[in-house]
Structures are given as structure tokens and as C-alpha cells.
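Input: a single structure, listed below in C-alpha cells.
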Amino acid sequence: MFSPVDQRHMAEALRLAEKGLFTTTPNPRVGCVIVREGEVVGTGWHERAGGPHAEILALEAAGARARGATAYVSLEPCSHHGRTPPCADALIAAGISRVIAAMQDPNPGVAGGGYARLRAAGIQVDSGLMQAEAGALNCGFVARMSRGRPWVRMKIAASLDGRTALANGRSQWITGSEARRDGHAWRARACAVLTGIGTVMDDDPQLNVREIETARQPLKVVVDSKLQLLPSARLLQSGRVLVATANANGSGMAALKDRGAEMVVLPNAAGKVDLMALMHELGRREINELHIEAGPKLNGSLLRENLVDELLVYLAPGILGDTARGMFSLPELADLARKRLVQFEDVQTIGGDIRILARVINS
């Protein structure tokens, strides 16, 4: 159904979409290539919410040459009025004869609507070309649209023996500068960065993007059941901060609000923060990708509750020993059959460290 030429043009649409990696949130990353008689006559990519969509920019570049052309787009053209008019209508008005899309819109309220509108206008529509690549590029948007909560990526820096900090909590720096810079690029693509109060008390992190240039800083989220966060914490010095607590009457709440922090009270039956409720709250706030940088207790809790989609692990060429802290605080297993499984997606060398990207196989 799809030719090598189709593959090439869709690959270019996906490369264009990736230009919005750090900026499109909460919208998906979308690219578009318009081809007429074998010639690329227009390209475009969506940069930020409220700005023109990829199809609109590609149509503007193509002008009258769009009539009778094929549009390659990495996501189904929208059919509803949001901050901008429907792209499906613009493609119809421009005289596009065929639309090839990588994937259907994952929003159940509009999925297939763009295709239906295009077909009703006599335009040939084909979908599914490089669907896996398009889905990976927009894993957060797909997750939020399909299940109401973000895609959760957990970043861990560890020694070769899987230790993330010394017994006294010191962890700076286990990995090298290249790995830290790469980690900041993953922070930058996320809508929010989440940590626990234990990490804040041990490291006093800024939790922002510093190692690469970015036009947008992610929301900082702190899980703090007992409301122990001090107003002097460095993460409160800049940017937006959301504190998730189980303590509605904490004496420090007013002081944190004075520092600009927003509070959300989500207790569970054990008096801790309800992590699933927090994920849905972040979904409600249009968080697509959530980047976790926490300690073994919170890491273990998130893993136990099947809330982790992906692990981003940097392994350093050093050994810290059994007294150092591990990656996850989890109950002891008596049977290897009960181990948590992951699927390795990518392994690379970053400077002197190894970076592993792995999907968590949740039950």
C-alpha cells in the first residue's frame, strides 16, 4: 500500500515533527510534507500550542501548488475547532487529492473525525505509515488521551552495581558530564519533572533544565506527604512548582504558597500521597510526559503501582558496594518468577557511561 517514496516523505514529516520536541506541549508533535508530481512543494511543523499547525504551514509554503498534491502528515489532521481552525478543512480547501497519515488521533472524542471529513470531500486517505515511530514521538500525548495520565519516564543514574547514592545520601556525581547533559535534554522534552521530598532534603536540587538551551522549563512536582519542604529549597527559586501532599493542615503550607508553590492534597488510606490520583491530576493539567528523578523509596512505590512506563538508566563505570543505596525499594522476592520485566529499547554509550532505555512491562 505504501511505496518507498511514501516512506521517505513520511520519514521527513517525522523529522520535522521532532523539531517541536521541547515546545509543543500540551499539543502533539506533528510534521507535514506536501508533494506534487514527485516534488516537495511545502513543509511545516507545529511549534507551540496556539500557533499554526503543521498542515497550515505546509499549505502556506505550497500555495497553489497544493492542488492535486499528496500531504504526508505524522498525525491525523484535526477536524475540530480548538485554538485554531480544523486542518482537515484547510486541506480540503487547498485541493489536496490524497492524505497519508502515520497514525489516527488518539483523542477518543475526535479520533477518525478528520479522516471522515477528508473522505467525504473525495480525498483519498491512507493511515498507518510509520505508525510506531509516530506513536513513540508522541508517547505522552497518546498516553494522556487514551488513559487520562501522562507517560512516565524514570531517570536513574547508577554505578555498575546498580547503586544510586552512598549510604549517607551523597550522589553527586555518579555519572559524567556528558550523561548529565543528555539527562537534561530528556528533562527538557518533558512537561513536568517529579521528585520526592527525600531527594530534595538530600540534594537540594534545582530540578530545572540548565545543561541545554530551552525555551520552556517543565513544571516541578514534589511528592511530600508530611509537608516537609522548606521555603528555602532551591527548586522554589524559579519556575512553577506543584507540591503534592497528604497533609491538608500543614503549618508550612502558607509559607510555600508565599514562595509561589501550588498545593494539591491527595491522601491515600495510609496517609501518603495517592500516586495514581496524582498521575490523573497531572493528566488533567495536560502533562504529556512526566520525567521522574527520585530516590529508591518513591521509585519503588511508583513501580509497585504500575505507574512507570519507561526507564532511562545511566550506568557509570564504577562500583559503590552493598551499603550504597539501590535503584528501587521493593519487597523481597522469594521466587524469580515474580521479578519485574522490562524490554530494552535502546542502549548507547554517552561519554564514559552507558545509557539504557527500557520499557517496563506492567501487569
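What you see is a predicted model; the values in this text were computed from it and never measured.
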Problem set entry | Set of residues satisfying salt bridge (charged side-chain N to carboxylate O under 4.0 Å, His left out) with respect to Glu18, sequence neighbours excluded | none
Seminar exercise, completed: Sequence neighbours excluded, the answer for side-chain hydrogen bond (donor to acceptor under 3.5 Å, both in side chains) partners of Ser159 is Asp161
Exercise. Below 4.5 Å, heavy atoms only, C-beta onward: do Pro317 and Leu160 meet side chain to side chain?
Worked result: no
Seminar exercise, completed: The reported gap from CG in Leu311 to CE in Met154 (rounded to nearest 0.5 angstrom) is 7.0 Å
For this session: Would you mind checking if Arg187 and Glu211 are paired as a salt bridge, meaning a charged N to carboxylate O distance below 4.0 Å?
Result: no
For this session: Using the test side-chain hydrogen bond (donor to acceptor under 3.5 Å, both in side chains), find all partners of Gln104 that sit at least two apart in sequence or belong to another chain.
Result: none
Exercise. So if you build clusters from Ile, Leu, Val, Met, Phe, Trp, Tyr with side-chain heavy-atom gaps below 4.5 Å, do Met279 and Val264 land together?
Worked result: yes
Exercise. Should Leu282 and Val193 be counted in the same cluster of Ile, Leu, Val, Met, Phe, Trp and Tyr side chains packed under 4.5 Å apart?
Worked result: no
Problem set entry | Partners passing side-chain hydrogen bond (donor to acceptor under 3.5 Å, both in side chains) against Arg67 (at least two apart in sequence or in another chain) | none
Exercise. Are Trp45 and Val33 linked, directly or through other ILVMFWY residues, by side chains that come within less than 4.5 angstrom of each other?
Worked result: yes
Exercise. Of Leu207, Val221, Leu236, which meets side chain to side chain contact (heavy atoms under 4.5 Å, CB included) against Val241?
Worked result: Leu236
For this session: Count the heavy atoms belonging to other residues, nucleotides or ligands that lie under 6.0 Å from CZ of Arg181, then report whether that count exceeds 12.
Result: no
Problem set entry | Spatial distance of atom CH2 (Trp151) from atom SG (Cys191) [nearest 0.5 Å] | 14.0 Å
Exercise. Within a strict 4.5 Å, meaning less than it, do heavy atoms of the Cys32 and Tyr72 side chains meet?
Worked result: no
Seminar exercise, completed: Value for CD (Glu213) from CZ (Phe22), rounded to nearest 0.5 Å, stands at 11.0 Å
Exercise. Tell me the salt bridge (charged side-chain N to carboxylate O under 4.0 Å, His left out) pairs involving residues 22-36, sequence neighbours left out?
Worked result: Arg29-Glu289
Problem set entry | Gap separating the CG atom of Leu91 from the CD1 atom of Ile34, nearest 0.5 angstrom | 7.0 Å
Exercise. Roughly how far, to the nearest 0.5 Å, is the CG atom of Leu229 from the OG1 atom of Thr245?
Worked result: 10.0 Å
Exercise. Linking I/L/V/M/F/W/Y whenever any side-chain heavy atoms sit under 4.5 Å apart, do Ile156 and Leu315 land together?
Worked result: yes
For this session: Answer yes or no: is there an ion pair linking Asp309 with Arg147, defined by an N-O contact shorter than 4.0 Å?
Result: yes
Exercise. CG of Asn288 to CG of Asn27: how many Å apart, nearest 0.5 Å?
Worked result: 8.5 Å
For this session: With sequence neighbours excluded, tell me which residues meet salt bridge (charged side-chain N to carboxylate O under 4.0 Å, His left out) with Arg359.
Result: Glu310
For this session: Establish, from distance only, whether the side-chain atoms of Ser177 and Arg180 form a donor-acceptor pair under 3.5 Å.
Result: no
Seminar exercise, completed: With sequence neighbours left out, the residues meeting side-chain hydrogen bond (donor to acceptor under 3.5 Å, both in side chains) with Asn107 are none
Distance-only donor-acceptor pairs under 3.5 Å for side chains of residues 321-332, two or more places apart:
{"unit_1": "Arg325", "atom_1": "NH1", "unit_2": "Asp202", "atom_2": "OD2", "d": "2.8"}

Exercise. Cut-off 3.5 Å, side chains only: do Gln131 and Glu133 have a donor facing an acceptor?
Worked result: no
Exercise. Are Asp346 and Ile356 close enough, and set up right, to give a side chain to side chain contact (heavy atoms under 4.5 Å, CB included), and what steps lead you there?
Worked result: CA-CA 6 Å; Asp346 182 67; Ile356 300 171; over 6 Å; no
Problem set entry | Under the side-chain contact (heavy atoms from CB on, under 4.5 Å) test, residues paired with Ser238 that sit two or more places apart | Asn208, Lys220
Exercise. Does any donor atom in the side chain of Gln124 or Asp126 lie under 3.5 Å from an acceptor atom in the other side chain?
Worked result: yes
Exercise. Heavy-atom distance under 4.5 Å between the side chains of Val209 and Pro218, does that happen here?
Worked result: yes
Problem set entry | Heavy-atom side-chain proximity of Pro106 to Leu75 below 4.5 angstrom | yes
Exercise. Restricting to pairs with a member in residues 253-264, which pass side chain to side chain donor-acceptor pair (under 3.5 Å), not counting sequence neighbours?
Worked result: Glu262-Arg285
Problem set entry | Between Asp182 and Tyr314, a side-chain donor and acceptor under 3.5 Å | yes
Exercise. Going by heavy atoms in the side chains, are Ile174 and Asp353 under 4.5 Å from each other?
Worked result: no
Exercise. Without hydrogens or angle criteria, can the side chains of Arg340 and Asn306 be said to hold a donor-acceptor pair below 3.5 Å?
Worked result: yes
Problem set entry | All pairs passing side chain to side chain donor-acceptor pair (under 3.5 Å) where residues 49-58 contributes a residue, at least two apart | His53-Thr84
For this session: Group every Ile, Leu, Val, Met, Phe, Trp and Tyr by side-chain heavy-atom contacts under 4.5 Å, then state whether Leu307 and Val222 land in the same group.
Result: no
Exercise. Do any N or O atoms from the side chain of Asn138 and from the backbone of Val142 form a donor-acceptor pair under 3.5 angstrom?
Worked result: no
Exercise. Which residues satisfy the side-chain contact (heavy atoms from CB on, under 4.5 Å) test with Leu333, sequence neighbours excluded?
Worked result: Arg338, Lys339
Exercise. Under 4.5 Å between any side-chain heavy atoms of Ile354 and Val313, yes or no?
Worked result: no
